[in-house]
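Remarks on the structure that follows.
Note: hydrogens, waters and symmetry copies are ignored here, and every other heavy atom, side chains too, is used. Numbers here are sequence positions counted from 1.
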Amino acid sequence: MKYLIDEDFKIFDTSEFPYDKFHTALGEYNHFEYGNSGDYYDPIPLHKWRSLDGSWIFTEEDGIKYLEQNRGDNCGDDAFINVYPTLVNKNTFYSPYSFSFDIRILEFNLWCGMAFYYKTSRDYYFVGLKPKSIAILRRLDEDIIVLKEETIELDDLKTYSIKVELDYNKASLFLDSKKVFDLDINFNIGKIAFVSKSLARYSNFKVFMSDDNYLSHLNGIKLEEARLEEKRSKIPPLKLIHKIDLKNFGSGRQLRCIRDKGKTYFILMQNQKRYIRDSFQRLSSMTCFDVDGNILWQIGEPNNSYDNSYISCDLPCQVSDINGDSKLELIYFRDFYIYICDFYTLKVLHKFETPIIKDNPNFKNEPFRRLNVDMIRVADLEGLGYKGNLIIKDRYQNVIAYDKNFKELFRYHNKNTGHFPYVYDFNGDGIDELFIGYDLVSAKGEILVDLPYNTDHTDEIIYQSLKKNEPKRLILASGNEGFNMFNIDGTLYKHNEIGHAQRISVAPFRNIKDELEVCVTSFWGCNGIISLYDYKGDLICKREMEGNGSTITPINYDGIHNLILTYPDKSGGILDSSLDQVLLFPDDGHPTVCNEAYDIDGDGIDEILVWDNKKMYIYKTSMVLESKRTYERYPDSGFSNYRGEYLIPNND
């Protein structure tokens, strides 16, 4: 008998398992670690837990360390009703095993126990205790099915010993050394996790195998390592090409990249939070610099403190030729004024105040007299032949569009606006329409299509054909409404229930001619589940990341491989179309909070930027294998933390 895990929790202090104590949305696109997590990770962030403590604590009694589920339920009865506090052991098991644990039920309410054959926080088997019953269940997305159940009487003062023996086609459940039942279940490679909806105390957690199964497990690890090494050997490693000291002007993922006149510039923005958390931010400083760290200009007083650097929303700044003179303008909002400036000299070309909104019934819960802008976009709403119209919005309620002379064109207020409207000439008349939240809106502000959703909001939007001769469709990461594909007339083409859909990207990840795939990741209630779908919206594969901040940005890495950028830590890296880690970042002290991909030198191959509020590293493939293909990417004039990224071949 071989013991793979014999957990006494003694490496942990008597404290909470590390987590985001403010339950913020920063983990949607920033990678943060919060302390000593040992061999475990917690995949469940939830905004409903703000002002509440952590899900898991370590405690002690009579020299014995315990893990306690400290959350109870506290998930509500809405989209998060099936969110179960979860703590995952990082080990993967490649052959059948047995596991055991002791558990004391601290309140009799809902299921608590352990998951096995664990793939994601929405895909596992589960042995659980509940008032008057013990059972093995199957969790798959929103379906939680009791496979077999027996009646028992539970005492909250008693500690119970649970053991599950797994074979290739059977699971045997034991309670206090007495067999409860057998159940036919086929073996699955996967992890094991503590899962509970009720307050409960765990101890004496063990995973063990027979000698034969242990040898099979070791062989499985070797085969997996060899499989990954073969893939990695065909992809050139990353090479560090720039290292920039951000001094006092660094920030989180509030970046703009601009390539003009053969040179690339970056803008990093800092903020001050006003009134309520991130909802009414102030753009406090902006710094424009090049790849060597040389500062072109600076606005405001830099302060790279944590509070000024990181924020869970966009900041209102874009760079675009908004007046059609073939020169770039800097467009930004600060202290209730919109500024249009020459990009290089900062000469103010136009300045106007945002509208008065106090006491307007469409502007609810607004603390300021004038509109506080959280997003800027440019569009062509007048048939100008260039993006000469300005669009601004507040946090989730209102969108205001302006003509080329910065006079108000229309106001939109209907459903939740989401974060970042999509701009496109949907009907081919030479004038852009907007897709906002769940609505297609004309250049006059008329609602043309109203999708049949009215909860949460759309986080990211792409409009694209995924296969040659297929129509273009709206591809949406719609939060609690999941991942959806809609026809432009508003009819649903495909719905996938994946939990809270956060980000999307589109690219020929599998390099199948005339086909594109969609990559989607989740956040609230089920962090880090990355799923890849084919052109029909059918699932190809999925995996759960151990950390937060997977941007799933598509990158043309070396001219041949189109890969998926996650977070730049050892458990993240860069994935291929099987969602395998085929590229790991060097162990060179690089920052791990933020990441972006951008073709800095204009050769068609993407560089990879990683940074935090103190330093930035820039990487590139160490070898370009092919550079004949060119791609359409999201335009520089539309940077946002809430844009669906795409990499569309131009010359296939």
Side-chain angles (χ1 to χ4, degrees), residues 1-7 66-67 69 82 84-89 91-140 143-210 212-214 216-217:
M1 189 71 66
K2 298 291 184 181
Y3 281 83
L4 284 75
I5 297 175
D6 189 352
E7 181 63 84
Y66 296 93
L67 171 71
Q69 198 271 44
N82 286 329
Y84 277 60
T86 302
L87 192 66
V88 186
N89 186 277
N91 290 284
T92 298
F93 302 105
Y94 291 88
S95 68
Y97 53 92
S98 298
F99 66 94
S100 61
F101 61 98
D102 294 344
I103 187 169
R104 177 180 169 188
I105 312 300
L106 301 179
E107 53 99 5
F108 296 103
N109 190 14
L110 300 169
W111 291 113
C112 57
M114 292 200 73
F116 58 98
Y117 299 156
Y118 179 98
K119 303 291 186 184
T120 77
S121 61
R122 295 170 58 83
D123 185 355
Y124 52 77
Y125 289 85
F126 175 62
V127 55
L129 295 169
K130 196 179 180 180
K132 298 187 177 182
S133 60
I134 186 170
I136 292 180
L137 304 90
R138 175 73 168 108
R139 168 79 189 263
L140 185 58
D143 295 326
I144 302 175
I145 301 169
V146 175
L147 300 178
K148 196 166 184 178
E149 185 174 14
E150 288 291 335
T151 300
I152 58 172
E153 291 292 332
L154 295 176
D155 184 339
D156 65 306
L157 295 177
K158 181 179 178 181
T159 297
Y160 297 91
S161 294
I162 308 294
K163 183 175 73 169
V164 177
E165 294 179 350
L166 301 173
D167 204 341
Y168 281 101
N169 53 23
K170 184 176 68 174
S172 299
L173 173 61
F174 296 82
L175 174 65
D176 292 337
S177 300
K178 181 180 178 181
K179 182 181 281 191
V180 180
F181 57 70
D182 293 325
L183 180 65
D184 292 339
I185 299 177
N186 292 328
F187 171 73
N188 279 278
I189 296 172
K191 296 181 171 68
I192 194 164
F194 299 95
V195 176
S196 178
K197 269 275 200 179
S198 286
L199 299 169
R201 170 181 280 189
Y202 296 85
S203 60
N204 201 27
F205 165 45
K206 303 179 189 297
V207 176
F208 45 98
M209 291 180 178
S210 68
D212 287 344
N213 283 349
Y214 181 65
S216 177
H217 168 70

Does a side-chain heavy-atom distance below 4.5 Å link K191 with N89?
-> no
Check: Y84 and Y124 side chains under 4.5 Å, non-hydrogen atoms | yes
Give a yes or no on whether the backbone of S161 and the side-chain of D176 come within a donor-acceptor separation of less than 3.5 Å.
-> yes
Hey, are the side chains of Y168 and S95 touching, using non-hydrogen atoms and a 4.5 Å cut-off?
-> yes
In terms of heavy-atom contacts, K197 and L110 come closest through CB-CB, 3.5 Å
Is there a side-chain contact between R139 and F126 (heavy atoms, below 4.5 Å)?
-> no
R138 and D123 ion-paired at < 4.0 Å = yes
Roughly how far, to the nearest 0.5 Å, is the CD1 atom of I136 from the CG atom of L183?
-> 5.0 Å
Parallel, tilted or perpendicular, as decided by the 30° and 60° cut-offs, for the rings of F101 and Y202 = tilted
If every non-hydrogen atom of N109 is compared with every non-hydrogen atom of K130, which pair is closest and at what distance?
-> O-CG, 4.0 Å
Hey, what do you get for NZ (K148) to CG (L137), rounding to the nearest 0.5 Å?
-> 13.5 Å
With no hydrogens and no angle check, is any side-chain donor or acceptor of Y214 less than 3.5 Å from a backbone partner on L4?
-> no
Measuring from S198:OG to F108:CZ, what's the distance to the nearest 0.5 Å?
-> 9.5 Å
Pi-cation contact, Y66 with R201 (under 6.0 Å, within 45°) = yes
For side-chain contact (heavy atoms from CB on, under 4.5 Å), just list the numbers for F194 and Q69, CA-CA rounded to whole Å, side-chain angles, deciding distance to a tenth of an Å, and then say yes or no.
-> CA-CA 9 Å; F194 299 95; Q69 198 271 44; over 6 Å; no
Check whether any side-chain heavy atom of V195 sits under 4.5 Å from a side-chain heavy atom of W111, and report yes or no.
-> no
Between the side chain of E150 and the main-chain N/O of V180, is any donor-acceptor distance below 3.5 Å?
-> no
Residue set satisfying salt bridge (charged side-chain N to carboxylate O under 4.0 Å, His left out) with K179, at least two apart, ordered chain then number -> D182
Please lay out, stage by stage, how T159 and I103 fare under the test side-chain contact (heavy atoms from CB on, under 4.5 Å).
-> CA-CA 5 Å; T159 297; I103 187 169; 6.0 Å; no
In Å, rounded to the nearest 0.5 Å, how long is the span from NZ of K170 to CG of D184?
-> 8.5 Å
Of all heavy-atom pairs between I192 and A115, which one has the smallest distance, and what is that distance?
-> CG1-O, 3.0 Å
Pairwise side-chain contact, F116 with V207, heavy-atom cut-off 4.5 Å (strictly under) = no
Below 4.5 Å, heavy atoms only, C-beta onward: do K132 and E153 meet side chain to side chain?
-> yes
Nearest heavy-atom pair of K163 and F208: which atoms, and what distance?
-> CD-CZ, 4.0 Å
Would you please test I152 and L129 for side-chain contact (heavy atoms from CB on, under 4.5 Å) and show each step?
-> CA-CA 9 Å; I152 58 172; L129 295 169; 3.8 Å; yes
Between the CG atom in D102 and the CG atom in N204, the distance rounded to the nearest 0.5 Å is 4.5 Å
Where the side chain of K119 meets the backbone of I189, is there a donor-acceptor pair that is under 3.5 Å apart?
-> yes
Between the NE2 atom in H217 and the NZ atom in K2, the distance rounded to the nearest 0.5 Å is 12.0 Å
Do you know which two heavy atoms are closest between N213 and P96, and how far apart they sit?
-> ND2-O, 3.3 Å
For the ring pair Y117 and F93, is the centre-to-centre distance below 6.0 Å?
-> no
Side-chain contact, heavy-atom cut-off 4.5 Å: F205 with L67?
-> no
L147 and Y125 have their tightest heavy-atom pair at CD1-CE2, 3.7 Å
Backbone N/O of S172 and side chain of E165: donor-acceptor pair under 3.5 Å | no
